Each structure stands twice: as C-alpha cells, then as structure tokens.
Protein chains: 2
Amino acid sequence: MTAATPKGERRRQALVEAAAGLLVDGGFDAVRHRAVAERAGLPLASTTYYFDSLDDLVAAALEHHGQGELAYGKARLAELDVEACGGDAFIDLVLDLLLGPTGGDRDAEAVLLRYERLVATGRRPYLRPLMRKLSGELHGLLIEIFARAGQPVGRERVEELIALVDGAVVNALIEISPDPRAAARRMLAKAMAPR
Amino acid sequence: MTAATPKGERRRQALVEAAAGLLVDGGFDAVRHRAVAERAGLPLASTTYYFDSLDDLVAAALEHHGQGELAYGKARLAELDVEACGGDAFIDLVLDLLLGPTGGDRDAEAVLLRYERLVATGRRPYLRPLMRKLSGELHGLLIEIFARAGQPVGRERVEELIALVDGAVVNALIEISPDPRAAARRMLAKAMAPR
DNA sequence: ACTAATTTGGTACGCTCGTGCCAGTTTCGT
DNA sequence: ACGAAACTGGCACGAGCGTACCAAATTAGT
C-alpha cells in the first residue's frame, strides 16, 4: 500500500526511517512491526497499513539505507581532490565507500549490516533485485573514483578488489575484538601496491 | 548439562546431529528446540535437558558441523596425489576445502552456511572462540596442502586467497541464480596464475 | 458543504517460541 | 538388591510475533 496523502507519505517515510535505524542497530531480526512502530512513535497498525507485509517493510528500509550510502559515495566523488588522493588517502576513500566512514571503535558494528544483507539475500530471494541494483551502482561509483584518481581500472579488477575487502571483513568478524577495517586496509594496500 | 550414561550420550549426539542438519538446511534461525527434537525423534524436553540453552545447542551443532568439514579436509590432504594436483585440479581442491565438495546446482545453498556463520558471529560473540578455532585449523590445513602440492605459501598469502574466495562468494549471492563457486573459481585462478 | 475515500489506532486472534516443572521410569554404583 | 542418580516425556506458562479487524476520525474531491 502506498500513501495517497501528504501526511500519509510523511508517516510512511517515518516508518521506513525507523525500520532502517533498527536494521543498522540490530540487523534484520530487529525489524519487527512493533519495534518499528514504537521507534517511529506511531501505532502498530500503521505498519501494516502502509506495508503489505514485513518483507515489504524490510525491503523499503534496505533500499532507504542503500540509497543513503550511495548518496554518501556520490558526495565523496564530487568533492574528490584529484591532487591529494594518492596512496593512503585513496585507500581510505575506497574503504569509506565500501565499509562506510569510520566511526572509531564501533567499526565492527557499523560494518556488520553490509555483510548481513549480502548473506541474508541468500535466504531471502526477494531482496536480490534490490541488492543487485545497489551493488551495481556502488561498483560503478568505484570505477568512476578510480578513474578520477588517475588509476583507471576495469570492472573485473574492481570486483577483485571488492571481493578482497569483503573477504577480509567477514574473516575479521570472528576475532576476539574484531577490526574489520584494519584487516581490509592491510589487504587492499598490498593488492594496490605497485608490483 | 553433559550426559553421564551411554544411552544418554547417544541421545545427546542425536540432538547435535539433528541440530547440525537443521543448521545446514535452514540456517541459524531454523535451529529451534521443537524442530531439533522432532528431527531427532525425541521429546521436546530432551533438548533442554542436555543443553542449558538454545545457544549451547547451536554452538554444539556448529562445532559438530565444523569438525566434519575439518575431517573431510584432512582426508583430502591424506589422499593427495602429489603428481596430479597441478592447475585446475588444485584449484578445485582448494575450493572443496573452503566451500565444501560441489553438489551441482544446489551449490549456493550448500555454501551459504559457511558465510552465515561468519556473519552471525558478529552478533553472537559467544560463537567467536569456536569459530576462531575452526577457522585456524582450516587455515593450517590449507597451508599444509599448498606445501604438499609444491606451492609453499605463508600464512599471509593463504589469508589473502581465502579472503578473495570469501569475498567472491558473498558478492555472488545476490545474483539472480547465484553460482558462488564459479565466481570464486574465476578469481582464485587469476590470483594463483604465474605472473 | 457533503459524500466518499483515506487514514487512524486500539484490540484481538492464532501461532511459535524458550523454558520451567515434575511425577514417573530407567540406569548406575555398591 | 536397593538407594541414588540420571533420564524421560508430557504439559503449561508467559512472551513475542505477524496480521486481521473495525469503528472513529480525518482528509480529498466535487
């Protein structure tokens, strides 16, 4: 169900944002009708009025969150200083796009959702089209950034680098005190170093 | 609670195996007291008698499954034919260890658990020690296999290759009809090709 | 202004879940 | 053989869940 009135649209949006927040904080399992309603300060029934099912709500939340990430990426691309983006700075830029901007100690938590959603897609096929779209746009963005930074790469090479980062992250998650960003950083630096 | 009588030990084992089966078929969310009991052909209360909590049961199932994988890896190492393990055959061997032996079309399903558990560890810290142990042993096994095959590698290099495979897999999961093994195979072949 | 469509929000149903309980049975140690 | 320990299994509680329902309130279209 889509909203037909301005106020309804605002309410719907509030629900999506609440759901996206829950997604980030607690993962897919945390997105429940009641939790979303409470977080948005709306009654329970509003969640079933604006969304046909919980899956719909989850998908909307994921799309909202993904679009936010893409917007962040585009902003970084726009403000990219072609002169001062070599070496470490460039690696950090790539990591910012792939893992989100660093938040200090709570990195592991912030990064988790990016991989939960990939894996969740395995058991929730209805998320696949959405994830493919978001993922494709992110890849494109990265290719643009590499090109702008004077290191043009092909689609295949970008996919390799992304795989390397993603693999480093999921393997870092099992450490006693995980620091996925550092692990990804190490591998990315090595892979991008001139041979 | 641990079993003290032979029959009790058998029952407990049956529960662990049932839980492991559910884990493989349906992921972490499928491991429920009632489902485990039914699959094992035992009453519900047996699950709470032998395991203090559901987390205990999940951990036991995961350990069981992981030990099975390691046993499979050791068997492959033992039967390794030093002569005929170059090129493609070797890559398939590595993939078998990392993703499990290929099962045809249902690869995506079979592979999924390997990554669900990595990501699940992010939100279930109690699994971390176990996952670290299993992961460490698998890494060691791979190093041995590389050495035996005449391509000695360091720990760092093995971790790079594993990250590459893992990243390729999680990114392949969002395809319309995922073939994570093929994606991993492509990247692994390229990374291991002589420069 | 007035009818119709939309939105609201309180409530309830039916289900699954983890877990506690406990009288009965089996098995073990001696 | 016999007391104790281990085990069995049926049951029920309380909580949380997705979702349906519907009278009341609001808003839109004319």
Side-chain angles (χ1 to χ4, degrees), chain A residues 1-23 25-63 116 120 123-127, chain B residues 1-64 116 120 123-127:
Chain A
M1 178 86 73
T2 58
T5 179
K7 181 179 170 191
E9 190 51 53
R10 258 180 284 124
R11 268 170 101 105
R12 199 189 133 96
Q13 190 60 20
L15 290 172
V16 169
E17 278 164 25
L22 287 166
L23 204 55
D25 288 354
F28 284 85
D29 289 349
V31 183
R32 305 295 187 188
H33 283 119
R34 287 167 178 80
V36 171
E38 192 174 355
R39 184 158 176 150
L42 293 174
L44 167 62
S46 65
T47 59
T48 60
Y49 182 74
Y50 288 108
F51 300 90
D52 287 337
S53 73
L54 194 62
D55 288 349
D56 266 21
L57 186 45
V58 169
L62 197 55
E63 166 127 46
E116 275 185 326
R123 304 232 186 243
R124 310 184 200 209
Y126 69 91
L127 290 179
Chain B
M1 177 88 71
T2 59
T5 177
K7 181 181 169 191
E9 190 50 53
R10 257 180 287 125
R11 267 172 100 105
R12 198 189 133 96
Q13 190 61 19
L15 290 172
V16 170
E17 279 164 24
L22 288 167
L23 203 56
V24 173
D25 288 354
F28 284 86
D29 289 349
V31 182
R32 305 293 188 188
H33 284 119
R34 286 167 179 81
V36 171
E38 191 174 356
R39 183 158 178 150
L42 294 175
L44 167 64
S46 64
T47 59
T48 59
Y49 182 74
Y50 287 109
F51 300 91
D52 287 337
S53 73
L54 194 62
D55 287 350
D56 265 23
L57 186 45
V58 169
L62 196 57
E63 166 127 47
H64 178 81
E116 275 185 325
R123 304 233 187 243
R124 310 184 199 211
Y126 68 93
L127 290 178

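A, B, ... follow the sequence lines: proteins, then strands. Residue 1 opens every chain. As a basis for the values below, the full set of heavy atoms in this structure was taken, side chains included, without hydrogen atoms, waters or symmetry mates. What you are looking at is a predicted structure, and each value in this text was computed from that prediction instead of being measured.
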Q. How long is the line joining CZ of A:R10 and C1' of C:dT8, in whole Å?
A. 15 Å
(Q) If I take atom CG from residue B:L22 and atom CZ from residue B:R32, how far apart are they, to the nearest 0.5 angstrom? (A) 10.5 Å
Q. Under 4.0 Å between a side-chain N or O of A:R11 and OP1 or OP2 of C:dT8?
A. yes
Q: Check every strand shown and say whether B:T48 touches a base, only sugar-phosphate, or nothing at a heavy-atom separation below 4.0 Å.
A: base
Q.
If I take atom CG in residue B:L15 and atom C1' in nucleotide D:dG9, what distance separates them, rounded to the nearest angstrom?
A. 13 Å
Atom pairs and distances, donor-acceptor, side-chain atoms in residues 38-52 of chain A, under 3.5 Å, two or more places apart:
unit_1, atom_1, unit_2, atom_2, d
A:R39, NH1, A:D25, OD2, 3.2
A:S46, OG, A:P43, O, 2.6
A:T47, OG1, A:L44, O, 2.6
A:T48, OG1, A:A45, O, 3.0
A:D52, OD1, A:M1, N, 3.3

Q: Look at all strands and tell whether B:S53 reaches a base, only sugar-phosphate, or nothing, counting heavy atoms closer than 4.0 Å.
A: sugar-phosphate
Q) So how far off straight is the helix from C:dA1-D:dT30 to C:dT30-D:dA1, going by the axes through five pairs at either end, to 10°? A) 30°
Q: Rounded to the nearest angstrom, tell me the gap between atom CD in B:E38 and atom P in C:dG18.
A: 13 Å
Q.
As a test of reading the structure: which of D:dG18, D:dA6, D:dC11 is closest to the side chain of A:R34, going by heavy atoms?
A. D:dG18
**Q.** Between C:dC15 (P) and B:R32 (CZ): distance, integer Å
**A.** 18 Å
Q | Nucleotide D:dT19, atom C1' - distance to CG of A:D52 in whole Å | A | 12 Å
Q.
I need the CG-P distance between B:L54 and C:dC17, as an integer number of Å.
A. 10 Å
Q. Taking C-beta and beyond as the side chain, do A:F28 and B:D29 meet within less than 4.5 Å on heavy atoms?
A. no
Q) Between B:V24 and A:R123, which heavy-atom pair has the shortest distance, and what is it? A) O-NH2, 4.0 Å
Q. OP1, OP2 of C:dT19 versus side-chain N and O of B:H33: anything below 4.0 Å?
A. yes
Q: Work out which heavy atom in A:S53 is nearest to a heavy atom in A:H33; give both atom names and the distance.
A: C-NE2, 4.5 Å
Q | Listed nucleotide nearest any side-chain atom of A:L44, set D:dA12, C:dT11, D:dG10 | A | C:dT11
Q: Look at all strands and tell whether B:Y50 reaches a base, only sugar-phosphate, or nothing, counting heavy atoms closer than 4.0 Å.
A: sugar-phosphate
Q | Closest to the A:T5 side chain, choosing from D:dT19, D:dT27, C:dC28 | A | D:dT27
**Q.** Rounded interatomic separation in angstrom, taking OH from B:Y49 and P from C:dG24
**A.** 18 Å
Q. In whole angstroms, how far is the C1' atom of D:dC17 from the CG atom of A:L57?
A. 14 Å
Q.
To check you understand the geometry: which heavy-atom pair defines the closest contact between B:A61 and B:A19, and what is its length?
A. CB-CB, 3.6 Å
Q. Which heavy atom in A:L15 sits nearest to a heavy atom in A:L57, and how many Å separate them?
A. O-CD1, 4.5 Å
